[in-house]
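Right, one structure below, let's go through it.
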Amino acid sequence: MTTRTPETRTHGTRSPGNPGRGPVLASLWAGLVLTVLSVAAVYVDRASAGLLAAHLEAGYPSYSASEIEETVGLWTIVLTTVGALGVIGWVLAIWAVRRGVRWAGWLVGSLFTLGTVLALYLLTVRDNNGETGLPTELGLVGLLPSVAGLAAVLLLWRTRKPVPRGIPA
């Protein structure tokens, strides 16, 4: 039988949450927003600035306008797919942290590592002409969600409670 003290407030049927989860969840939500914004940046660039198209034109002067547009379209598909997978990862991480599952730290750490490695790869991958495949500006925008991911990992691992080991007395 459990008794509740007046200081312990519960909302509905849930038990009081870990107070250290708030900053972790905030950084995870920030990462989700940054991921959506980084994908949106690709579409904004395609509609206005044309950094990707200019980067490809400089690297492939013999390409026609239709070939440049086709290549920009392919990059848009790749970056949108990576962003969609990132959104799924952020949502899964938010769910795991909110539920307080024991493996949330490992999940967030693994997703951070995977996402950062992929973002660094897309930032530095070389095209056939020896230049980077993406303009540096778009590559760096794609790396921004990793900053929020790093904050989430550090906060999550900092607030972990050690698991008692040994035989109970």
Side-chain angles (χ1 to χ4, degrees), residues 20-101 103-160:
R21 284 192 319 198
V24 175
L25 286 170
S27 61
L28 292 173
W29 280 105
L32 176 63
V33 169
L34 287 171
T35 300
V36 170
L37 291 175
S38 67
V39 173
V42 174
Y43 288 93
V44 169
D45 174 64
R46 190 170 181 183
S48 61
L51 288 173
L52 182 54
H55 181 75
L56 292 170
E57 287 172 358
Y60 295 98
S62 63
Y63 272 24
S64 67
S66 65
E67 290 172 315
I68 294 291
E69 184 58 33
E70 181 181 340
T71 307
V72 168
L74 289 173
W75 268 112
T76 303
I77 291 169
V78 167
L79 296 174
T80 301
T81 303
V82 168
L85 292 172
V87 166
I88 292 168
W90 288 113
V91 169
L92 183 61
I94 290 167
W95 173 84
V97 170
R98 286 188 71 189
R99 296 273 301 166
V101 296
W103 42 267
W106 291 103
L107 174 71
V108 172
S110 298
L111 290 173
F112 163 72
T113 302
L114 180 65
T116 302
V117 166
L118 185 56
L120 286 170
Y121 173 75
L122 290 172
L123 175 66
T124 59
V125 66
R126 297 287 174 186
D127 210 343
N128 294 336
N129 63 359
E131 297 291 322
T132 57
L134 286 175
T136 304
E137 298 85 356
L138 284 179
L140 289 174
V141 166
L143 198 55
L144 282 177
S146 293
V147 175
L150 177 61
V153 168
L154 294 176
L155 288 168
L156 193 59
W157 285 92
R158 197 173 118 219
T159 60
R160 284 189 65 184

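Each residue takes its place number in the sequence, starting with 1. Keep in mind that this is a model prediction, so the values were computed, not measured. For the numbers below, each heavy atom of this structure counts, side chains included, while hydrogens, waters and symmetry mates do not.
Partners of Ser66 under the side-chain hydrogen bond (donor to acceptor under 3.5 Å, both in side chains) rule, at least two apart in sequence or in another chain, are Ser64.
A distance of 7.0 Å separates NE2 of His55 from CG of Leu134, quoted to the nearest 0.5 Å. Put simply, CG on Leu143 and CG on Leu138 are 12.5 Å apart, with the number rounded to the nearest 0.5 Å. Here the CD-CZ distance, from Glu69 to Arg46, works out to 4.5 Å after rounding to the nearest 0.5 Å. How far OH of Tyr43 is from CG of Leu79: 9.0 Å, rounded to the nearest 0.5 Å. Taking CG of Leu111 as the start and CG of Leu28 as the end, the distance is 9.5 Å to the nearest 0.5 Å. One distance of note links CG of Leu156 with CG of Leu25; it measures 9.0 Å at 0.5 Å rounding.
If you run side chain to side chain contact (heavy atoms under 4.5 Å, CB included) between Thr76 and each of Asp45, Val42, Thr81, only Val42 comes through.
In this structure the side chain of Val87 reaches within 4.5 angstrom of the side chain of Val36, judged on heavy atoms. Contact of the Tyr63 side chain with the Thr71 side chain is registered, since non-hydrogen atoms from C-beta on lie closer than 4.5 Å.
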>> Between Trp75 and Leu122, is the side chain to side chain contact (heavy atoms under 4.5 Å, CB included) condition met? List the steps.
In response: CA-CA 10 Å; Trp75 268 112; Leu122 290 172; 4.0 Å; yes
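Contact record, Gly133 with Leu52: O-CD1, 4.1 Å, taken as the closest heavy-atom pair. Taking all atoms of both residues into account, the shortest heavy-atom contact from Phe112 to Val153 is CB-CG2, 3.7 Å. Closest of all the heavy-atom pairs between Val72 and Ala53 is CG2-CA, 3.8 Å. Closest heavy-atom contact between Gly83 and Val39: CA-CG2, 3.5 Å. Closest heavy-atom contact between Arg98 and Arg21: O-NH1, 2.9 Å. Summarising the geometry of Ser38 relative to Pro145, their closest heavy-atom pair is OG-CG, 4.3 Å, with the distance given to 0.1 Å.
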Name each donor-acceptor pair under 3.5 Å that joins a side chain in residues 88-97 to protein atoms two or more places apart or in another chain, with its distance.
from, atom 1, to, atom 2, distance (Å)
Trp90, NE1, Gly31, O, 3.4
Trp90, NE1, Thr35, OG1, 2.7

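Identified under the side chain to side chain donor-acceptor pair (under 3.5 Å) test for residues 114-131, with sequence neighbours left out: Tyr60-Asp127, Thr116-Ser146.
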